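Since the structure comes first, as C-alpha cells, the remarks are kept for the end.
These figures come from a predicted structure and were not determined experimentally. Note that ligands are numbered from 1 as they come in the structure, with each ligand's atoms numbered from 1 the same way. Residues take their numbers from the sequence shown, with the count starting at 1.
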Amino acid sequence: MADKTHKLHENVPGPWYVDDTCTPCRVCLDEAPELLKYNDDETYVYFFKQPEGDEEEAAAQNAEGICPQNAIGNDGE
Ligand code: SF4
C-alpha cells in the first residue's frame with residue numbers, strides 16, 4: 001500500500017500520488033500517460049496532473065492496480 005507520508009514532492013497537489021518505493025518499472029505510464037511521467041533523470045515517476053473526469057480517474061485507478069510496488073495511492077492531499 002502506498003504511503004502518503006513518503007509521497008514524492010514532485011506530485012502535483014491532490015489525492016493521487018506516487019511514493020518513494022517506485023522502481024521505476026514504467027508500466028503505469030502505459031495506463032495513464034496523461035497523468036504520470038518520469039522525473040528528469042528517470043529514477044521514478046510522479047503525477048504531473050491530477051485526474052479530471054471519469055476517463056482519467058479510471059486511468060489513475062488502472063495505474064494503481066497494475067503497479068507491482070503498490071507505489072501509487074489516492075489518499076494524499
Ligand atoms: S508502476 Fe509503480 S513502480 Fe512502476 S513506474 Fe509506475 S509507480 Fe513506479
Side-chain angles (χ1 to χ4, degrees):
M1 181 177 171
D3 181 352
K4 66 182 177 185
T5 67
H6 285 259
K7 65 192 283 188
L8 299 165
H9 69 270
E10 284 94 338
N11 292 291
V12 293
W16 286 92
Y17 63 94
V18 178
D19 76 12
D20 61 7
T21 62
C22 174
T23 47
C25 68
R26 76 148 284 130
V27 298
C28 63
L29 299 180
D30 294 331
E31 298 295 331
E34 69 278 37
L35 305 174
L36 291 156
K37 68 177 182 181
Y38 278 121
N39 65 328
D40 287 345
D41 56 3
E42 300 189 354
T43 52
Y44 52 80
V45 305
Y46 64 97
F47 278 89
F48 67 92
K49 178 182 181 299
Q50 291 289 327
E52 295 175 49
D54 292 345
E55 198 168 313
E56 289 187 355
E57 191 71 29
Q61 288 175 5
N62 288 341
E64 179 186 27
I66 206 170
C67 176
Q69 297 292 325
N70 293 322
I72 298 176
N74 71 343
D75 59 345
E77 295 167 358

Could you tell me, atom by atom, which parts of ligand 1 come under 4.0 Å of a heavy atom of [X]?
X   : answer
Q69 : 3 (S)
R26 : 4 (Fe), 5 (S)
I72 : 7 (S)
V27 : 1 (S)
P24 : 5 (S)

Inset, instruction - Starting from atom 6 (Fe) of ligand 1, locate the nearest protein heavy atom and write down its residue, its atom name and how far away it is, to 0.1 Å. - result: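 Ranking protein heavy atoms by distance from atom 6 (Fe) of ligand 1, first comes C28 SG, 2.3 Å.
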Legend entry - Minimum-distance protein heavy atom relative to atom 8 (Fe) of ligand 1: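 The closest heavy atom on the protein side is C22 SG, 2.3 Å.
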Legend entry - Side-chain donor/acceptor of D19 to backbone N/O of H6, under 3.5 Å: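 Checked: no pair found.
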Inset, instruction - Could you tell me whether the side chain of N74 and the main chain of P15 form a donor-acceptor pair under 3.5 Å? - result: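 No, the answer is negative, given that no donor and acceptor are paired below the 3.5 Å cut-off.
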Legend entry - D40 CG: over 12 foreign heavy atoms closer than 6.0 Å: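 No, because the 6.0 Å sphere around CG of D40 holds 12 heavy atoms or fewer from other groups.
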Say you draw a straight line from [atom1] of [X] to [atom2] of [Y]; how long is it, rounded to the nearest 0.5 Å?
X   : Y   : atom1 : atom2 : answer
M1  : I72 : CE    : CD1   : 13.5 Å
H9  : Y46 : NE2   : OH    : 9.0 Å
K37 : Y44 : NZ    : OH    : 11.5 Å

Inset, instruction - Of the side chain and backbone of I66, name the one, both, or neither that has a heavy atom under 4.0 Å from an atom of ligand 1. - result: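 For I66, no heavy atom sits under 4.0 Å from ligand 1.
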Inset, instruction - Please state which part of T23 comes within less than 4.0 Å of ligand 1, counting heavy atoms only: side chain, backbone, both or neither. - result: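 Both of them.
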Legend entry - atom 8 (Fe) of ligand 1 to nearest N/O/S of C25 below 2.8 Å: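 Given the 2.8 Å cut-off, C25 does not count as a ligand of atom 8 (Fe) of ligand 1.
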Inset, instruction - Measure from atom 4 (Fe) of ligand 1 to each N, O or S atom of C67 and report whether any distance is below 2.8 Å. - result: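 So C67 does not count as coordinating atom 4 (Fe) of ligand 1.
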Inset, instruction - List the atom of T43, the atom of P24, and the distance in Å for their closest heavy-atom pair. - result: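 T43 and P24 have their closest heavy atoms at O-CD, 3.3 Å.
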Legend entry - Donor on one side chain, acceptor on other, W16 and Q61, under 3.5 Å: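 No, no side-chain donor-acceptor contact under 3.5 Å.
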